[in-house]
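Note sheet for the following structure.
Every heavy atom of this structure was used, including side-chain atoms; hydrogens, water molecules and symmetry mates were not.
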Amino acid sequence: MSIQWYPGHMHAARKQIAETLAKVDLVIEVLDARLPGSSTNPMIEQLRRARQRPALKILNKADLADPALNARWLEWFRAQPNTAAILMSEDNKQGQARKLPSYCRELAPHRTGAEKPLRALIMGIPNVGKSTLLNVLMSRRIANVADTPGVTKSQQRVETGEGFILYDTPGLLWPKIERPESGYRLALAGSVGRNAYNEEDVAWFAVETLQQRYPRLLAERYKLEEQTLSLPADQLFEVIGRKRGAMLGGGRIDRQKTAELILTDFRSGILGRITLETPDDFLLPPEPLAPTDHSGDPEEDQSE
């Protein structure tokens with residue numbers, strides 16, 4: 001099954017973002033540290049490179065991700081041209097949010113003070129924690145927060161009062177997810193609308209991924225014997241259902257409840273600190289961009 005999700009409000013948001021990029025100095029992209037490659041929006045990456053805008057990549061939910069792979073992914077992003085990267089988690093969100101303007105000014109040092117405010121576009125996939133970050137940064141609720149993707153549907157402009165202007169955008173995916181495994185990872189993280197995937201299929205994918213990458217965590221959570229870990233994913237899925245008591249009459253597995261348990265265990269971090277992919281899964285570099293006529297300098301926003 002190929003997982004795709006691109007509702008109409010995302011198409012409208014993409015057009016608005018393309019226009020906004022002309023008047024900002026940089027892009028802040030909030031990623032999910034558990035799937036940094038799959039949560040990088042290739043559509044926005046292409047647009048910002050065409051406009052020659054630097055990027056600050058925030059690997060959010062780093063406290064739920066594998067610490068060793070957090071370090072590898074930081075190194076991966078920082079090796080890319082015109083790109084900075086930082087980790088962010090619940091225990092350091094407020095401190096990192098306060099530092100955000102200084103991180104951005106390192107990428108756009110020519111924008112200083114009230115006369116030349118620093119203008120940034122902040123974006124990310126649905127349900128990545130962007131709205132929470134924005135609320136922390138502004139020290140008040142200015143963006144709706146929910147566990148359901150697609151809550152924010154329009155762009156808004158906010159000012160921090162320190163010569164820093166943010167253009168907040170809806171959570172955005174892209175018209176076609178090229179890598180099938182990325183679609184499953186996005187669904188597993190809760191960044192895809194529920195109607196776009198089958199929960200049992202995604203739970204099977206989660207079990208198979210954990211068998212390959214984190215068998216110890218899988219065994220500890222579901223009290224599995226070592227020989228059980230080598231079962232095919234669909235059979236191991238049934239074992240987990242029995243272990244967790246997800247049963248119907250006649251000794252049958254409640255497959256829907258089992259799938260929901262596995263997805264919830266991953267999303268909440270109960271399974272442990274897990275990263276679903278490594279930089280080696282994304283070895284092919286981005287396709288080179290065709291030359292454009294865009295100027296490297298942002299167009300002035302006449303509203304300021």
Side-chain angles (χ1 to χ4, degrees), residues 26-46 48-49 53-93 95-97 99-100 102-104 106-107 120-130 132-133 171-174 177-192 205-206 208-210 212-218 266-269 271-287:
L26 75 153
V27 172
I28 301 170
E29 185 172 16
V30 184
L31 308 176
D32 190 323
R34 300 168 298 178
L35 50 153
S38 294
S39 57
T40 298
N41 191 326
M43 180 175 64
I44 299 301
E45 192 70 5
Q46 185 179 47
R48 72 104 179 167
R49 291 189 185 198
R53 300 299 187 256
L56 173 63
K57 307 279 188 176
I58 298 177
L59 278 66
N60 197 28
K61 306 184 182 183
D63 51 322
L64 300 179
D66 186 323
L69 286 175
N70 280 343
R72 285 188 61 190
W73 276 109
L74 280 180
E75 182 181 10
W76 163 270
F77 284 117
R78 289 169 178 172
Q80 297 178 13
N82 224 9
T83 303
I86 61 172
L87 297 176
M88 187 169 287
S89 57
E90 283 304 310
D91 60 357
N92 73 358
K93 193 178 295 292
Q96 291 287 54
K99 294 177 182 177
L100 205 56
S102 62
Y103 289 135
C104 292
E106 290 178 9
L107 291 167
L121 177 71
I122 183 167
M123 51 84 57
I125 62 171
N127 213 20
V128 77
K130 180 177 61 64
T132 300
L133 170 61
L172 189 66
L173 290 175
W174 42 101
I177 300 171
E178 297 289 346
R179 299 173 185 261
E181 63 275 17
S182 287
Y184 278 90
R185 291 166 185 157
L186 288 163
L188 180 54
S191 295
V192 173
F205 172 82
E208 189 172 49
T209 300
L210 293 169
Q212 296 170 358
R213 303 192 183 210
Y214 295 94
R216 181 182 60 81
L217 295 180
L218 189 64
F266 172 79
R267 292 170 183 170
S268 65
L271 277 165
R273 298 187 66 173
I274 292 168
T275 300
L276 299 173
E277 56 198 20
T278 74
D280 292 341
D281 296 323
F282 297 84
L283 285 176
L284 290 178
E287 290 293 323

Self-check item: Interatomic distance, L35 atom CG to E181 atom CD [nearest 0.5 angstrom]
Solution: 11.5 Å
Quiz item: Taking only residues two or more places apart in sequence or in another chain, which ones pass side chain to side chain donor-acceptor pair (under 3.5 Å) with T209?
Solution: none
Exercise. Please examine the side chains of I58 and Y103, heavy atoms only from C-beta on, and report whether any two atoms are closer than 4.5 Å.
Key: no
Quiz item: How long is the span from the CH2 atom in W174 to the CD atom in Q46, to the nearest 0.5 Å?
Solution: 13.5 Å
Self-check item: Inter-residue atom distance L59.CG - I86.CD1, 0.5 Å rounding
Solution: 9.0 Å
Quiz item: So, do L133 and Q96 sit near enough that their side-chain heavy atoms are less than 4.5 Å apart?
Solution: no
Quiz prompt | Salt-bridge contact E45-K57 (side-chain N to carboxylate O under 4.0 Å) | solution = yes
Quiz prompt | Partners meeting side chain to side chain donor-acceptor pair (under 3.5 Å) with R72 (sequence neighbours left out) | solution = D280
Quiz item: Which heavy atom of D32 sits nearest a heavy atom of S39, and at what distance?
Solution: N-OG, 3.1 Å
Practice problem: Work out which heavy atom in A187 is nearest to a heavy atom in V192; give both atom names and the distance. | Solution: N-CG2, 3.9 Å
Practice problem: For the residue pair K93 and N60, confirm or rule out a side-chain donor-acceptor distance under 3.5 Å. | Solution: yes
Quiz item: Just wondering, do R53 and I44 contact through their side chains at under 4.5 Å, heavy atoms?
Solution: no
Quiz prompt | Minimum side-chain heavy-atom gap L87-L74 below 4.5 Å | solution = yes
Self-check item: Distance (rounded to the nearest 0.5 Å) between K61 NZ and M88 CE
Solution: 13.0 Å
Quiz prompt | Spacing of CG belonging to N82 relative to CZ belonging to R49, to within rounding of 0.5 Å | solution = 9.5 Å
Quiz item: Does any non-hydrogen side-chain atom of L31 lie less than 4.5 Å from one of W73?
Solution: no
Quiz item: Looking at CD of Q80 and OG1 of T40, how far apart are the two atoms once the value is rounded to the nearest 0.5 Å?
Solution: 7.5 Å
Quiz prompt | Closest non-hydrogen atom pair, V27 against M123 | solution = CG1-CG, 4.1 Å
Quiz prompt | Pairwise side-chain contact, F282 with S38, heavy-atom cut-off 4.5 Å (strictly under) | solution = yes
Exercise. Spell out, as yes or no, whether a donor-acceptor pair under 3.5 Å connects the side chain of R48 to the backbone of L26.
Key: no
Quiz item: Could you walk me through whether L100 and L56 pass the side-chain contact (heavy atoms from CB on, under 4.5 Å) check?
Solution: CA-CA 9 Å; L100 205 56; L56 173 63; 3.6 Å; yes
Quiz item: Between A65 and R273, what is the shortest heavy-atom contact and its length?
Solution: O-NE, 2.8 Å
Self-check item: Over all atoms of both residues, closest heavy-atom pair of T275 and P36
Solution: CG2-CD, 4.3 Å
Self-check item: Donor-acceptor contact present, side-chain T83 to main-chain A79, <3.5 Å
Solution: no
Quiz item: Can you find a pair of side-chain heavy atoms, one from L271 and one from Y214, that are under 4.5 Å apart?
Solution: no
Exercise. Take atom CD of E75 as the centre, draw a 6.0 Å sphere, and report whether it contains more than 12 heavy atoms from other residues, nucleotides or ligands.
Key: no
Quiz item: If you look at every heavy atom in L64 and S268, which pair is closest and at what distance?
Solution: CD2-O, 4.2 Å
Quiz item: Does any N or O in the side chain of N70 come within less than 3.5 Å of the main-chain N or O of A62, such that one atom is a donor and the other an acceptor?
Solution: yes
Exercise. Start with the C-alpha gap between L172 and M43, add the side-chain angles, then the distance that decides, and say whether side-chain contact (heavy atoms from CB on, under 4.5 Å) holds.
Key: CA-CA 10 Å; L172 189 66; M43 180 175 64; 3.7 Å; yes
Quiz item: Is there a side-chain contact between R185 and D281, using heavy atoms and a 4.5 Å cut-off?
Solution: yes
Self-check item: L188 and R34: CA distance, side-chain angles, deciding distance, side-chain contact (heavy atoms from CB on, under 4.5 Å) verdict
Solution: CA-CA 10 Å; L188 180 54; R34 300 168 298 178; over 6 Å; no
